[in-house]
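The sequence lines fix the lettering, A, B, ..., with proteins before strands; numbering per chain opens at 1.
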There are 2 protein chains.
Amino acid sequence: MEDAISILRRCDIQPTPQRIAVVECVLTSKSHPSADDVFSGAREKCPTVSRATVYNTLNLLVEKGLLRMQTMKEGAVVFDPNIEKHHHFIDEETGAIYDIPWDQLEVKGKRGLNDFEISEYQVILRGRRKKK
Amino acid sequence: MEDAISILRRCDIQPTPQRIAVVECVLTSKSHPSADDVFSGAREKCPTVSRATVYNTLNLLVEKGLLRMQTMKEGAVVFDPNIEKHHHFIDEETGAIYDIPWDQLEVKGKRGLNDFEISEYQVILRGRRKKK
DNA sequence: AAACATTCTTGACACCGTCTAAATTAGTAT
DNA sequence: ATACTAATTTAGACGGTGTCAAGAATGTTT
């Protein structure tokens, strides 16, 4: 697994201890951390890191295409390290977000969307995850 | 067009001047007002209405099924008076949200979603609206 | 009118995210 | 190494969104 420093270098971002902590945290975290989740995690590795640096770094990573920003939960944006195209399922009871592989849903557009130039899309499903 | 008082009565909500102002505002507003949009509008009809009352009323209306709450814009929830099933298109330049009629897109699920009990879904499209 | 229940307002509060100024750090040149 | 410059980080202030509690106002019942 590529380590945080190489990742940062590959993206022309200077690897500082703070940024390394953020990257390590994002990559090992559950799949859809909020900025605050990352902040807490990064604090453990680098106790002096500030809120502003975490936000700055996350935004940098989004700019460079390492993360996607998703506004799905109320009140807070979440970050998605899965940058492949995929859909999302939101458990209405727990709020958990699950990735749905792109090819498990097929979306077919009918006529009538001529006014719009679509650059991307995704399906957002809501419901309950079955306890198996 | 049904007036605000009848709408409130129909939903077993006591029609007070403040609530009437909120309902009138939501129904005549552009299609996806934020809570703050509604607050500003309601202030014009009822200058003493408070922020808290606007939030309370909007949540009441969502409970009763008169509005849908959507978390699509960053930083703020928007309310959708269109409670028919429909999809959404978000203009990435302007942030404007357009409704896409339900039958203009067809979503077909493949096998593999057995773990999930889907209660609702929608497609979110992003891009640019063509200036015709 | 008195008692009661609803509703509304005000102001305080918590949270998210951004911004700024100042301090620290890293990088470069001498 | 030293000095200089640029990049980065920090702490705290700030604005916006949304919630909450206490009291004031309103309406209803008796």
Measure from [atom1] on [X] to [atom2] on [N] and round the result to the nearest Å.
{"X": "B:Leu58", "N": "C:dC8", "atom1": "CG", "atom2": "P", "value": "13 Å"}
{"X": "A:Lys45", "N": "D:dT9", "atom1": "NZ", "atom2": "C1'", "value": "19 Å"}
{"X": "B:Arg51", "N": "D:dA21", "atom1": "CZ", "atom2": "P", "value": "19 Å"}
{"X": "B:Phe39", "N": "D:dT19", "atom1": "CZ", "atom2": "C1'", "value": "15 Å"}
{"X": "A:Ile13", "N": "D:dT9", "atom1": "CD1", "atom2": "P", "value": "10 Å"}
{"X": "A:Leu8", "N": "D:dT9", "atom1": "CG", "atom2": "C1'", "value": "15 Å"}

At less than 4.0 Å, is any side-chain N or O atom of [X] found next to OP1 or OP2 of [N]? Yes or no.
{"X": "B:Asn56", "N": "C:dT9", "value": "no"}
{"X": "B:Arg19", "N": "C:dC8", "value": "yes"}
{"X": "A:Tyr55", "N": "C:dT18", "value": "no"}
{"X": "B:Gln18", "N": "D:dT26", "value": "no"}
{"X": "B:Thr16", "N": "C:dC8", "value": "yes"}

Under 4.0 Å, heavy atoms only, any strand: does A:Thr48 hit a base, just the sugar-phosphate, or nothing?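 Contact class for A:Thr48: sugar-phosphate only.
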Is the B:His87 ring parallel, tilted or perpendicular to the B:Tyr121 ring (thresholds 30°, 60°)?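 If you compare the ring of B:His87 with that of B:Tyr121, the planes turn out tilted.
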Closest to the 5' end of DNA chain C, once B:Cys46 and A:Ala35 are matched to their nearest nucleotides, is B:Cys46
Per [X] side chain, nearest of listed nucleotides [options]:
{"X": "A:Ser50", "options": "D:dT9, C:dC16, D:dG18", "result": "D:dT9"}
{"X": "A:Thr53", "options": "D:dA7, D:dT10, C:dG17", "result": "D:dT10"}
{"X": "A:Val77", "options": "C:dG17, D:dC20, C:dT6", "result": "C:dG17"}
{"X": "B:Gln14", "options": "C:dT6, C:dG17, D:dT19", "result": "C:dT6"}

A cation-pi test, strictly: NZ or CZ of B:Arg126 under 6.0 Å from the centre of the six-membered ring of B:Phe89 and no more than 45 degrees from its axis. Yes or no? no
Taking the side chain as every heavy atom from C-beta outward, state whether A:Ile5 and A:Ile20 have any pair of such atoms under 4.5 Å apart. yes
Closest heavy-atom pair, B:His86 versus B:Ile100, reported as atoms and distance to 0.1 Å, is CB-O, 3.3 Å
With a 4.0 Å cut-off, would you call A:Arg51 and A:Asp36 a salt bridge? yes
